[in-house]
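The structure appears right after this line, and notes come after that.
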Number of protein chains: 2
Amino acid sequence: MSKKEDILKAATALFAHKGFQFATMSEISKLTGAAEGTIIYHFKSKEQLLLAILKDAKTRIIEEFEKYFEGKTFESGLSMMEDVVSFYLYLAGMMDEQFLLLQRHYPYQLADTNPECREYLEAIYNCLVDIFEKAILLGQADGSMADFHPRKTAMILFSMVDGLVRFKNYNLYDAGALYSELIASCRRMLRNA
Amino acid sequence: MSKKEDILKAATALFAHKGFQFATMSEISKLTGAAEGTIIYHFKSKEQLLLAILKDAKTRIIEEFEKYFEGKTFESGLSMMEDVVSFYLYLAGMMDEQFLLLQRHYPYQLADTNPECREYLEAIYNCLVDIFEKAILLGQADGSMADFHPRKTAMILFSMVDGLVRFKNYNLYDAGALYSELIASCRRMLRNA
DNA sequence: CCAATTACTGAGTGAGCGCTCAGTCAGTGT
DNA sequence: ACACTGACTGAGCGCTCACTCAGTAATTGG
């Protein structure tokens with residue numbers, strides 16, 4: 001692995017676990033064995049380093065979902081929803097540091113003044129909510145789901161799943177124990193009575 | 001209003017909107033007209049100032065819910081749940097800066113090493129989830145809600161409502177437009193079919 | 001083989017931070 | 001009048017931080 005990739009990986013972990021402000025260049029330097037000057041050489045500034053991380057996260061999340069759905073068919077919208085929730089949680093476990101970073105405030109604060117940052121965050125957010133929405137639209141078409149506002153309900157669904165990831169990240173409760181209850185709740189919420 | 005209260009209020013706003021690290025003592029000083037020495041005089045340190053804010057938030061949130069439920073009766077668990085969700089969102093609007101601060105990571109990071117901080121956060125969290133749980137237990141007793149795990153479902157409910165507050169805080173979507181969809185989703189999720 | 005380019009280094013810089021402390025000042029009890 | 005107390009001040013201290021820059025090492029292409 002190249003030194004640049006090393007830095008990106010270590011910085012992702014530090015930004016995710018300590019926050020942008022508390023993660024220092026010297027700490028990234030120590031963790032990677034690269035001099036502080038090397039970090040700046042590759043990424044220009046600490047803020048640009050964060051942007052590179054977010055760009056990387058965006059690319060990977062979109063790729064992973066595309067790969068997952070490639071040639072896949074679902075017996076119903078309701079079962080697609082279950083699949084999507086499962087895969088979302090699986091991905092949040094695989095890319096735990098990126099998802100943790102995306103749950104912090106700083107990227108969204110930066111997005112207020114930095115259009116590039118805003119672009120990455122919106123792309124990720126839209127990718128995720130779009131997938132929930134697609135499952136709902138399918139479910140409403142095949143009659144497995146009741147009639148409600150697809151986009152708004154997709155956002156509520158997103159909140160529920162994101163909340164479980166948050167519980168896991170904060171260690172507030174055994175998230176695994178909540179998984180089956182979450183799926184059951186989603187089913188009750190969406191299904192055609 | 002005393003200078004100490006002024007500082008507490010200004011610091012709450014700054015910690016909520018900028019984050020603990022990016023909010024500086026000199027900024028709090030400028031906003032309140034109090035010298036930096038005065039802030040330290042009243043609160044000992046920046047961290048102690050945050051703790052005072054969290055203690056204040058804890059006290060007020062618990063008080064407000066106690067006041068709200070004083071002598072109140074509900075026709076069913078399902079309608080109590082609606083009332084609770086409404087009041088939660090109302091309170092999150094009234095105390096927007098405290099709720100925003102409680103959605104940041106830093107307080108939970110501090111809680112890892114500071115037992116006092118942990119105590120305040122747990123008290124707030126338990127207060128909120130307990131109220132959802134009470135509504136569910138009532139609903140299951142009076143038959144308006146289906147049979148599921150009360151505590152776990154209360155946590156999922158909490159996630160949903162908390163997510164809507166987050167949407168509002170991040171300005172990602174008009175949260176008001178989501179309110180009626182949220183209530184409807186909760187009803188479908190909880191009601192006895 | 002040797003420029004030329006790219007990758008990397010780390011001591012040094014200056015800005016900004018939380019906090020200190022010697023001191024002012026208004027209010028209160030005697 | 002005086003002593004005492006608690007609220008408040010702000011220049012200054014020590015420290016940490018992101019970033020600079022002059023220089024070195026490695027890689028590449030003619």
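Because only heavy atoms are used, hydrogens play no part in the values below, and waters and symmetry mates are left out as well, while side chains stay in.
- Nucleic acid contact class of B/S29 (heavy atoms, under 4.0 Å, all strands): none.
- In this structure, B/F43 atom CZ and D/dC8 atom P are separated by 11 Å, rounded to whole Å.
- In this structure, B/F158 and B/Y88 have perpendicular ring planes: the angle between them is above 60°, well past the 30° mark.
- In this structure, B/K18 atom NZ and C/dG16 atom P are separated by 13 Å, rounded to whole Å.
- Applying side-chain contact (heavy atoms from CB on, under 4.5 Å) to B/L128 and the options B/N126, B/I124, B/I131 leaves one that passes, B/I124.
- Ion pairing between A/R166 and B/D162 fails under the 4.0 Å rule for side-chain N and carboxylate O.
- Comparing D/dC8, D/dA18, C/dC8 by their nearest atom to the side chain of A/H42 picks out C/dC8.
- For A/K3 and C/dT6, the shortest distance from a side-chain N or O to OP1 or OP2 is not below 4.0 Å.
- The CD-P distance, from A/Q21 to C/dG16, rounds to 18 Å in whole Å.
- Rounded to an integer number of Å, the gap from A/I7 CD1 to D/dC19 C1' is 15 Å.
- Below 30°, between 30° and 60°, or above 60°: for A/F87 and A/F65 the angle between ring planes is above 60°, a perpendicular geometry.
- Residue A/T24 has its side chain nearest to D/dC17 when only C/dC17, D/dC17, C/dC19 are considered.
- Closest to the B/M25 side chain, of the nucleotides C/dC19, D/dC8, D/dC19, is C/dC19.
- Comparing A/Y41 and A/E36 along DNA chain C, the residue whose closest nucleotide (by nearest heavy atom) sits nearer the 5' end is A/Y41.
- The side chain of A/A35 lies closest to C/dG10 when the candidates are D/dC19, C/dG10, D/dT9.
- Distance, B/Q48 CD to C/dG18 C1': 14 Å, rounded to whole Å.
- Rounded to an integer number of Å, the gap from B/I40 CD1 to D/dG10 C1' is 13 Å.
- The CD1 atom of A/I28 sits 16 Å away from the C1' atom of C/dG10 (whole-angstrom rounding).
- Checking A/Y120 against A/E116 by side-chain atom types alone, a donor-acceptor pair falls below 3.5 Å.
- Using a 4.0 Å cut-off, no side-chain N or O of A/K30 falls inside it from OP1 or OP2 of C/dG10.
- Nearest to the side-chain atoms of A/T38 among the listed nucleotides D/dT9, D/dC19, C/dC8 stands C/dC8.
- One can place CD1 of B/I39 at 9 Å from P of C/dG18, the figure rounded to the nearest angstrom.
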